[in-house]
Amino acid sequence: MGPFADDLLHNKAVLITGGATGLGRAMGEMFLKLGARLAIASRREEALKQAAQQMSSENNVVFYKSCDVRDPAQVLDLIQAVEQHFGKIDVLVNNAAGNFISPTEKLSPRAVDAVLNIVLHGTFYTTLEVGKRWIDNGQRGVMLNIVTSYASSGSGSGFVVPSAAAKAGVLALTRSLAVEWAKYGIRQVAIAPGPFPTEGAWSRLSPTPELEQRMIERIPLRRTGNQEELAHLAAYLISDYASYINGEVVTIDGGEWLQGAGQFNDLLEVTPQQWESLSAMTRNGK
Ligand code: HXC
Ligand code: NAP
């Protein structure tokens, strides 16, 4: 049982980059449950094949094709293949990403490129290839970009600087095209997740239990997200029920971002006893 009717995404053809693992896979599974037809793409053919087999049912076979989104020629092949297979693409989910923690001064130019090319250039290439076709064919569609909570204006993050810069670029792409392409019936939306334990993210960003614990302590809800929570949000945003949402980014992070933003948020650590003496001290400025 979930919040949606079983046919919420009936017959919508959805392409998810990075759809064999982690959040991409969780979204794909949810979309299939809600009646969508699904294509997944990423670099590792074996991972795609296995995921597609596990996700497919008798009446709904998942299409997969290996593609490195950093390469425009491979992106063109992918989009052509998906369009040929389903006859159309209704929804593009730009979910493929690369990221790791590192002091910025330790990064080589190749390390910077590795992240920027996947996240910013890759998202741009798929967006362009799909967008041009929708415009030429007079077809409506939705693009959902998975960014991060540290990509929003007024935010950012040390130690993941290529990712922060690239995801901020993707957010700018989302908001800019929301204006430019709305006249073609193309909607742009984004999700900014806080921490969601996935093998891909945890191995590169939270590799020790201590780091994970510190991460959880920064989240007002005191837990990480679960993948179904994000998949439900994604299903709503790509559905026709969200048809007036354009250019918006929805943060799903248990309040983590806001806690970091507030000057006095560290007062969460003050005990009730300490509050008693603090409030006595601060009353009437005494
Ligand atoms: C410093 C590193 C590094 C690290 C790689 N490099 N890992 N530098 N610290 N941990 C450097 C390498 O030394 C090399 O530079 C350059 O980066 C390219 O490395 P390759 O391994 O050749 O790159 P490639 O095979 O293209 O792999 C890309 C990748 C990798 C990004 C480096 O991690 C990857 O495939 N990631 C995909 C999945 C992923 O990252 N998922 C997490 C998404 S989570 P030199 O100069 O030595 O040649 C997310 C948001 C999380 O995005 C937010 C959490 C709250
Ligand atoms: P993940 O499982 O590592 O997902 C990344 C996916 O991208 C993988 O399937 C990977 O597959 C694919 N990919 C990487 N490079 C690619 C390339 N060059 N071409 C095509 N595909 C490529 O990690 P995740 O946690 O699920 O992340 C999914 C999305 O959520 C990402 O956009 C990430 O930035 C975002 N996010 C995650 C978190 C979190 O806490 N988990 C938080 C904020 C944002 P291959 O290796 O087979 O190519």
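Just so you know, ligand 1 is whichever comes first in the structure, and atom 1 is the first atom listed for that ligand.
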Mind checking whether C67 contacts ligand 2 via backbone (N, CA, C, O), side chain (CB onward), both or neither, at a 4.0 Å heavy-atom cut-off?
backbone
For ligand 2, is any non-hydrogen atom under 4.0 Å from V147's backbone (N, CA, C, O), its side chain (CB onward), both, or neither?
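The part of V147 near ligand 2 is the backbone, not the side chain.
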[atom]: nearest protein contact (heavy atom, Å):
{"atom": "atom 33 (O) of ligand 1", "answer": "R204 NE, 2.8 Å"}
{"atom": "atom 35 (O) of ligand 1", "answer": "R43 NH2, 2.8 Å"}
{"atom": "atom 54 (C) of ligand 1", "answer": "L205 CD1, 4.2 Å"}
{"atom": "atom 20 (P) of ligand 1", "answer": "R110 NH2, 4.5 Å"}
{"atom": "atom 2 (C) of ligand 1", "answer": "F100 CZ, 3.5 Å"}
{"atom": "atom 49 (C) of ligand 1", "answer": "N99 ND2, 3.4 Å"}

Could you name the option among [options] that has the heavy atom nearest to [atom]?
{"atom": "atom 23 (O) of ligand 1", "options": "S157, P195, A164, A114", "result": "A114"}
{"atom": "atom 4 (O) of ligand 2", "options": "T21, T17, V69, V119", "result": "T21"}
{"atom": "atom 45 (P) of ligand 2", "options": "Q227, E45, R44, H121", "result": "R44"}

Select one of side chain, backbone, both or neither to describe which atoms of S108 lie under 4.0 Å from any atom of ligand 1, heavy atoms only.
side chain
Can a non-hydrogen atom of R70 be found less than 4.0 Å from any atom of ligand 1?
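True for this residue.
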